Amino acid sequence: MKRLAAAAAFAWLTTTSAAIAGPVPTPKEVLGHDMGEDRYVASYSETATYWKRLAEVSDRIKLVDIGPTVEKRRQLMAIVSSPETLAMLDKYKDISERLGRAEGLTDEQARTLSAEGKAVIWVDGGIHASETLTHSAIIQQVYDLVNSDDAEAKRIRDNVIMLFVANNPDGQELVANWYMRIKDPAKREAGFESLPKLYHPYVGHDNNRDFYMAEMPETQNITRVLFRDWRPQVVLNQHQTGPAGTVVFIPPFRDPFNFNFDPLVMTSLEEVGAAMQSRLLAEGKRGGTSRDGAHYDTWYNGNLRSISYFHNAIGILTETIGKPVPIDIELVPERQLPGNNQPAPIAPQKWHIGQSLEYSMTINRAVLSYAAANREKLLFNIYRMGANAIARGSVDSWTMTPTRIAEMHAASAATGAKPVATRTRGSSSIDPRFYDAVMKNPANRDARAYVIDPGQRDYPTAIRFLNALIKLGVDVDRASAPFAANGKSWPAGTYFVRTAQAYRPHILDMFEPQDYPENFEYPGGPPIPPADATGYTPAFQMGVGFERVLDPLDVPSERISTLLSASPGRIVGDGKAGYLVGHGANNSFILSNRLLKAGQSVSWLSQPVAVAGAAAEPGALWVPVSPAATRIVEAAATELGLNVERAASAPTGERDAMKRPRIALVDLYGGLMPTGWMRWIFDQHEFPFTIVYPKQLDAGKLRKDFDVVILPHAAFQLQAARASGDGMFRGRGDDKQPKPEEIPSEYRAWLGTVTPDKTIPALKTFVEDGGSLIAMGGAAQALAQAMDLPVEDAVAETVDGKTARPPRSKFYVPGALVEALVDRASPFAYGMPDKVDLFFDDSPVWKLKPGAAGVQVPVRFAGVPKLKSGWAHGLDRLDGAAAIVEVDRGKGRIVLIGPEVALRAQTHGAFKFPFNAIYLGASHGAR
């Protein structure tokens with residue numbers, strides 16, 4: 001068992017003095033710039049330098065190293081409070097953690113601790129590194145709270161512990177250095193359109209979509225502080241930029257909100273939001289908007305501020321306008337009318353980043369002053385919500401969802417009863433007995449626990465899922481003895497997750513389907529888009545085998561709160577010829593990559609073979625014995641959790657020899673998030689790959705260097721071929737690129753785009769010469785059209801002679817999980833179950849053109865596919881649609897993958913589709 005993170009060893013390294021050593025310097029005195037200065041962007045190095053300087057001269061600040069970043073910088077947290085509080089920091093940290101955990105406390109004890117403790121408030125900036133206002137804001141905010149001696153500042157320091165963190169040090173350093181490389185401020189660009197790569201080294205903007213998986217090192221650092229070490233009551237997450245025609249978006253948010261979290265977190269959010277708006281207006285700062293003033297909601301769990309709700313904390317999002325250069329506030333006439341969303345509109349005018357900084361300072365003071373005045377309430381309320389969660393997980397409980405509402409209406413209608421219209425628009429009343437009939441139905445109870453099946457085909461991925469829960473503060477149990485649940489016997493060592501925990505809302509959201517309410521502008525009209533995915537259940541995306549246990553689970557067990565290692569696999573048999581390894585675990589590809597890198601042989605068996613007592617399936621790995629193979633395979637059994645069988649003789653029947661793949665992964669100047677996530681997935685599974693850009697593709701002769709070329713979503717676009725806009729899952733909404741002379745020479749080879757006239761002919765030649773071309777998402781749709789493949793859009797309709805996808809009022813699947821059928825006999829689907837939950841975001845799907853030949857469809861939808869999680873409208877249009885298509889061309893092949901099978905490194909249950917395609921492409925093409 002490993003520690004939650006290696007960085008924990010650095011958790012309390014500090015650089016602080018015991019007493020004030022001199023006057024508190026301003027940012028300009030240390031860094032040479034005022035915060036909020038036009039055409040200036042603060043780097044992370046400058047942030048760290050300034051905070052360290054403050055810690056040298058002031059006893060109101062202590063610096064803590066919370067862990068490494070991707071690029072091995074150290075991520076610092078500046079803790080600001082009174083000297084007396086900082087001297088007793090461990091005590092107050094313990095109080096905050098105990099109240100946030102809520103276990104073993106009575107209400108009276110919790111009130112005593114709340115009276116004794118300090119409110120803990122997290123304040124961050126820069127998670128999106130191009131949002132440079134927030135870099136300056138946290139520097140200035142720390143200065144303000146360390147330096148100021150006004151009555152309010154003293155009251156804040158006496159009652160509040162402030163945790164200031166720069167969320168994305170690597171990206172902040174990149175953006176600042178890139179922007180400031182131009183020495184003449186007047187010549188610096190207005191924005192950051194010319195950045196050469198993603199501003200998080202792997203995932204760019206999506207680092208704020210990583211918070212229920214915590215894949216990135218920075219996310220792990222942050223979540224450890226938030227949900228293990230400190231458990232702050234308020235999380236202030238600062239962003240840029242605000243909605244057009246306003247200055248800043250602040251809470252509260254629009255509906256829907258997720259049904260799992262405690263309602264007290266939402267009413268508390270309303271309180272803090274009101275304090276922020278009132279403070280702005282009291283200082284004459286107009287232009288704040290909330291609720292429907294922007295698209296933000298509280299549904300999706302993966303953002304830094306939104307995951308706080310599932311952990312009983314008040315997550316505050318601010319989005320403030322501004323750029324390093326002055327801008328104009330746009331005139332949006334509709335925003336000039338006062339209302340609850342925007343009580344004080346602002347007139348169009350010239351706007352400087354310094355003015356935005358003033359708004360940020362006001363908001364910061366508003367939140368911290370609220371916390372100081374409501375210290376005991378905040379501390380007690382986080383306990384109250386945690387205690388509520390523990391209580392609900394300890395008894396029979398039910399969660400109201402849109403599905404339950406529909407069931408009540410259906411039950412009433414089945415009796416012939418007529419609903420009675422109410423004065424509330426769009427609602428009607430029915431007999432109250434149907435509430436108990438549905439909401440007290442024992443089958444509809446919430447789970448008391450979730451038991452992880454230890455015999456599932458990809459148990460190591462189930463362990464990864466449990467580790468994602470543990471990183472987010474969830475405690476996992478391991479049975480100390482055999483037990484019975486759901487009429488089954490489970491062995492000692494079985495992992496399960498009790499819901500009687502403070503973070504029960506998060507647990508339910510990770511295991512249960514998201515039941516997103518239908519949300520249309522009007523009946524029959526267009527849908528209102530969600531802020532992010534509507535359905536994302538990680539247990540489904542990862543293909544985790546588990547059972548919901550509705551009754552009390554009395555099992556002697558060990559509580560696990562640190563990361564799990566993969567449970568060692570079994571090595572059975574005493575044969576000397578070689579090793580058989582199943583294809584069902586994603587970790588089997590790590591083993592294959594290690595073996596092939598070491599020059600060892602690996603083959604896939606096409607006939608079903610039982611490995612180590614498991615069910616017979618096609619695709620088992622055969623590894624002939626050798627000293628190197630023995631060392632690698634037997635080590636992998638322990639490290640990777642793979643079951644291995646020592647065979648006495650080589651298997652008979654057809655087998656396919658694998659080759660080490662030579663992979664070209666396409667990226668564009670500025671960086672594609674889908675490419676970044678693929679890089680992360682490849683690194684985690686030890687695939688070798690080379691990043692290539694359009695100019696290298698256009699030059700041709702690709703077959704000499706590569707077996708496989710991968711076009712991720714948005715790497716290739718044809719406007720007419722798009723299944724939908726690239727939107728939130730791409731990261732960049734445009735194709736703007738700088739002129740070569742405007743950027744350093746080392747980046748000029750990255751310029752260019754994939755085009756039909758230059759790139760497609762080179763890719764056609766690559767395929768005809770034996771290469772394998774894999775296209776994903778929107779790139780697959782564009783490629784199918786550009787190469788005239790024998791497929792067409794399965795959901796398109798022809799109206800007035802024009803063929804196109806139907807309007808959203810007829811077909812709309814905005815980021816949901818949909819069940820597809822798998823042809824397990826196809827090598828593209830080796831290791832997969834019969835059904836798979838695919839992430840679908842109006843994704844491309846196909847039907848074969850008449851007379852199509854040389855085409856395989858290993859994954860398709862059948863009938864009206866089952867919506868597993870989220871919101872979907874018009875799913876019947878997917879009946880018979882192909883989700884993955886393989887087309888033979890010349891000596892090679894083209895693989896089209898429509899739904900997202902690598903989204904945000906969450907879709908582990910579908911990873912084998914691209915992994916298999918890569919290996920098949922490398923092994924079948926002639927070199």
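Note that this is a predicted model, so its numbers are computed, not measured.
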Throw together a table of side-chain donor-acceptor distances under 3.5 angstrom for residues 600-616, partners on residues two or more places apart or in other chains.
residue, atom, partner, partner atom, Å
Q600, OE1, S626, OG, 2.4
Q600, NE2, A598, O, 3.3
S606, OG, E654, O, 3.2

Aromatic plane relationship, F689 with F682 - under 30° parallel, 30 to 60° tilted, over 60° perpendicular: tilted
Geometric class of the F589/Y919 ring pair [parallel <30°, tilted 30-60°, perpendicular >60°]: tilted
Without swapping roles, check the side chain of [X] against the backbone of [Y] for a donor-acceptor pair under 3.5 Å.
X    : Y    : result
S869 : L817 : no
D879 : G863 : yes
K868 : V818 : no
S826 : P858 : no
R824 : M832 : yes
R860 : G880 : yes
H583 : G619 : yes
R662 : K704 : yes
D841 : S843 : no
H713 : G778 : yes

Rounded to the nearest 0.5 Å, how far apart are [atom1] of [X] and [atom2] of [Y]?
X    : Y    : atom1 : atom2 : answer
S923 : K659 : OG    : NZ    : 7.0 Å
D210 : Q220 : CG    : CD    : 8.0 Å
M213 : N467 : CE    : CG    : 9.5 Å
E639 : I590 : CD    : CD1   : 7.5 Å
L665 : L672 : CG    : CG    : 9.0 Å
L640 : S565 : CG    : OG    : 11.0 Å

K849, NZ: over 12 other non-hydrogen atoms inside 6.0 angstrom: yes
Residues, nucleotides or ligands: over 12 heavy atoms within 6.0 Å of D574 CG: no
Kindly state whether the ring of [X] and the ring of [Y] have centres lying under 6.0 angstrom apart.
X    : Y    : value
F546 : F511 : yes
H685 : F911 : yes
Y536 : Y212 : yes

Quiz question: by atom type and distance under 3.5 Å, do the side chains of [X] and [Y] form a donor-acceptor pair?
X    : Y    : result
E792 : W846 : no
Q541 : T907 : no
Q514 : T537 : yes

Steps toward side-chain contact (heavy atoms from CB on, under 4.5 Å) verdict (F915, Y830): CA-CA 10 Å; F915 290 176; Y830 280 171; over 6 Å; no
Contacts of type ring-ring contact (aromatic ring centres under 6.0 Å, His included), residue F913, not counting sequence neighbours: none
Partners meeting ring-ring contact (aromatic ring centres under 6.0 Å, His included) with W677 (sequence neighbours left out): none
Are any of the side-chain heavy atoms of [X] and [Y] separated by less than 4.5 Å?
X    : Y    : value
V692 : V666 : yes
Q856 : V885 : no
V708 : I774 : yes
F496 : W490 : no

Could you tell me whether [X] and [Y] make a salt bridge, using a distance below 4.0 angstrom between a side-chain N and a carboxylate O?
X    : Y    : value
E634 : R646 : yes
D769 : K764 : no
R904 : E215 : no
R703 : D707 : yes

Candidate pair F766 and F706, rule ring-ring contact (aromatic ring centres under 6.0 Å, His included), full reasoning: CA-CA 9 Å; F766 167 74; F706 302 111; 7.7 Å; no
Salt bridge (charged side-chain N to carboxylate O under 4.0 Å, His left out) assessment of D532 paired with R209: CA-CA 9 Å; D532 204 279; R209 307 297 185 271; 2.9 Å; yes
Taking only residues two or more places apart in sequence, or in another chain, which ones meet [X] in a salt bridge (charged side-chain N to carboxylate O under 4.0 Å, His left out)?
X    : value
K488 : E547
D458 : K912
R457 : E617

All side chain to side chain contact (heavy atoms under 4.5 Å, CB included) counterparts of V767, not counting sequence neighbours: L773, R889, I894
Residues in side chain to side chain contact (heavy atoms under 4.5 Å, CB included) contact with R877, at least two apart in sequence or another chain: V795, E797, P806, K810, F811
Those residues that, when tested against T630, pass side-chain hydrogen bond (donor to acceptor under 3.5 Å, both in side chains) (two or more places apart): Y579
Set of side-chain hydrogen bond (donor to acceptor under 3.5 Å, both in side chains) partners for D656, sequence neighbours left out: H924
I560 and L466: CA distance, side-chain angles, deciding distance, side-chain contact (heavy atoms from CB on, under 4.5 Å) verdict: CA-CA 10 Å; I560 308 295; L466 290 176; over 6 Å; no
Qualifying salt bridge (charged side-chain N to carboxylate O under 4.0 Å, His left out) pairs, either residue in residues 623-632, two or more places apart: none
All pairs passing salt bridge (charged side-chain N to carboxylate O under 4.0 Å, His left out) where residues 671-692 contributes a residue, at least two apart: R594-E686
Derivation and outcome, side-chain contact (heavy atoms from CB on, under 4.5 Å), residues V791 and K847: CA-CA 6 Å; V791 297; K847 60 182 178 182; over 6 Å; no
Worked check of side-chain contact (heavy atoms from CB on, under 4.5 Å) between I452 and Y459: CA-CA 9 Å; I452 305 301; Y459 191 52; 4.2 Å; yes
